[in-house]
Amino acid sequence: MCNMKVDEIMDVALRRGFIFPASEIYGGVSGFWEYGNLGTLMKRKWEDAWRHHFLSLDQNYYEISTSNIMPEAVFKGSGHLEHFNDPLTACTKCNQRFRADDLITDACGKNAEDMTTEEMEVAINEENIQCPRCGGELGPVQLFNMMFCLDIGAAGGTKGYLRPETAQGAFISFKRMFEVLRNRLPIGIGIVGRVYRNEISPRQGFFRLREFNQAELQIFFDPDTFDEHASFDDVAGTPLRVRPLDREEEVEMTAGDFRDRYDIGRFYVYHMVKIQEFYLDALKVPREKFRFRELSERERAFYNKVHWDIEVDMETLGGYKEVAGIHYRTSHDLSGHQEMSKQKMQVNIDGKKFVPHVLELSFGVDRNFWALLDLAFAKEEERTVFRFPPRMAPITVAVFPLLNKQPLIEKATEIYSQLASIMQTDYDRGGSIGRRYRRQDEIGTPFCVTVDFDTLEDGTVTLRDRDTMEQKRVDENSLLGEILSRVAQ
RNA sequence: GCGGCCGUAGUGUAGUGGCCCAGCACAUAAGCCUGCCACGCUUGUAACCCGGGUUCAAAUCCCGGCGGCCGCACCA
């Protein structure tokens, strides 16, 4: 059932230019996908909505744009060289690969996470651990780092890596941005861009990628104010939909109660409310398909003091899947870079010196994009339609002449040009009028405008709604206003 | 990365050694028709994943690569 839906969505996605496999004519490479014309338009609309929503939460939240390639030292400072890798061991007999640390933990209960590869090999020997599959002898433990490595400059030049997350750009630019933003806190540094992870074996089609897009906002603040937010009272009564560790299912409780019950700072909870608003109001995710899920200690990174994932229930992926996260990272990142770079990350505000803490709002753009496809897709008896929120639809409005006759074509072209200067507009005069409506339904265009012979007489056109298929006659002069107000709803 | 199955126009498929310089449906282009919701007519564009081998002959058999699906593993 849900695989069928994936196939149907992929069919439209490929045929109409939402997404397609990268390097396709050479056979493609697993984990790499590209956005076509419609996909690019929609991705941009998602990103712009994200910018609009999150960067306006505070005067001091801004977007910057940082390098995709950074030298090795950055990732020493961030901890990625040490921690962003898996210790693997292969069976010498059946070649099966295993995570060495998991084998050790399973065998003797020891926490192997911080062991070196040598220590793990010793432990495997001492505990006499064998291949769980065939009982064969296990080979040497090797670290597999998930970052793409490259050489900067000619041979023997500096070693660098493609960034595995956008966040590091914000951390290593913090010193300068703090100055630029005139030595105040909190400041927010947003980055929207590409990141790269050399996944061992990416699966789930578009959902686990080796090159993907993130939209992240790192908020730097004074840890003493973690339980404060000037606008908290405005949101204290907003019900949050959450799945805490101590509950079996989603529950709703007001932001105020949530803060008291789970002892999470107001600064954090305020941003949760704003994230939920983004999903429910801007992206129109149905409330019952949205939740915050608390991660167990085992699931979350050791430096995340508070960590909730934002999940959307997607039929194509068989349930709730992570699309974003909100992480209280403490001073972990700035402290790490301070130590490595020998640059002081400490700030001095009114005589108080401290390393700022970080609240990270992290969004997987591509996963959010897929969620839009999943939630909006509908196969009806007579048509296939994406019911995107009008603001997210790649094409906002399409203009047709009712018939392929000269005076109608002329008028329709004129209206097309007017609308096209304001919004993403399509024009189509191929096939029957019904066929053209279906074509637009298939790519989720919320509005269609048809020019007929009455238009030439009285200046009215029909405005057709994607979801209801109803039409309304609208005066040419109020057309733009009518469309804009419907998009805004 | 391992094991199983698989890879034909944009999409879905027919074809299991010569009948295929590959058939069909939908989509698409040009035109006709059409006075508001695909499914009417004409003509057209367009495919055997890549490389090697076997054979008189390969979409079809064999080997390798790439990719996909499922299971195992992995997802700081």
Looking for any heavy atom pair under 4.0 Å, which part of the strands does A:V12 touch: base, sugar-phosphate only, or nothing? nothing
For B:rU45, which nucleotide in any strand shown is its Watson-Crick or wobble partner with both distances under 3.5 Å? none
Within 45° cone and under 6.0 Å: A:R464 NZ/CZ vs A:Y437 ring: yes
Could you work out the separation of B:rC62 and B:rU54 based on their P atoms and round it to a whole Å? 15 Å
Rounding to an integer number of angstrom, what distance separates B:rA29 and B:rC69 when you compare their C1' atoms? 34 Å
Pairwise P distance, B:rU60 and B:rG53 [rounded to whole Å]: 14 Å
Looking at B:rC74, which nucleotide sits across from it as a Watson-Crick or G-U wobble partner, both distances under 3.5 angstrom, or is there none? none
Check whether any side-chain N or O of A:R197 sits under 3.5 Å from a backbone N or O of A:P164 as a donor-acceptor pair, and report yes or no. yes
If we take the C1' atom in both B:rA30 and B:rC19, what is their distance in whole Å? 35 Å
Measuring only the C1' atom in each nucleotide, how far is B:rA9 from B:rA25? A whole number of Å is fine. 12 Å
How about A:E414: does its CD atom have over 12 heavy atoms from other parts shown lying under 6.0 Å from it? yes
Separation of the C1' atoms in B:rU45 and B:rA58, to the nearest angstrom: 27 Å
Under 4.0 Å, heavy atoms only, any strand: does A:R439 hit a base, just the sugar-phosphate, or nothing? sugar-phosphate
With rounding to whole Å, what would you report as the distance between B:rA59 and B:rG17 at their C1' atoms? 10 Å
Scoring nucleotides 35-48 of chain B by protein non-hydrogen atoms under 4.0 Å (B base, S sugar-phosphate only, - none) yields BBBBS---------
Have a look at A:F32 and say if it touches a base, only the backbone sugar-phosphate, or nothing, with a 4.0 Å heavy-atom cut-off. nothing
Expressed in whole Å, how much space separates the C1' atoms belonging to B:rC56 and B:rC61? 16 Å
Give a yes or no on whether A:E380 atom CD has more than 12 heavy-atom contacts from other residues, nucleotides or ligands under 6.0 Å away. yes
Side-chain touch A:S362/A:H327, heavy atoms, less than 4.5 angstrom: yes
Within a strict 4.5 Å, meaning less than it, do heavy atoms of the A:W33 and A:D366 side chains meet? no
Atom CD of residue position A:E34 - does it have more than 12 heavy atoms of other residues, nucleotides or ligands inside 6.0 Å? yes
What is the pairing partner of B:rC66, taking Watson-Crick or G-U wobble pairs with both distances under 3.5 Å in any strand? B:rG7
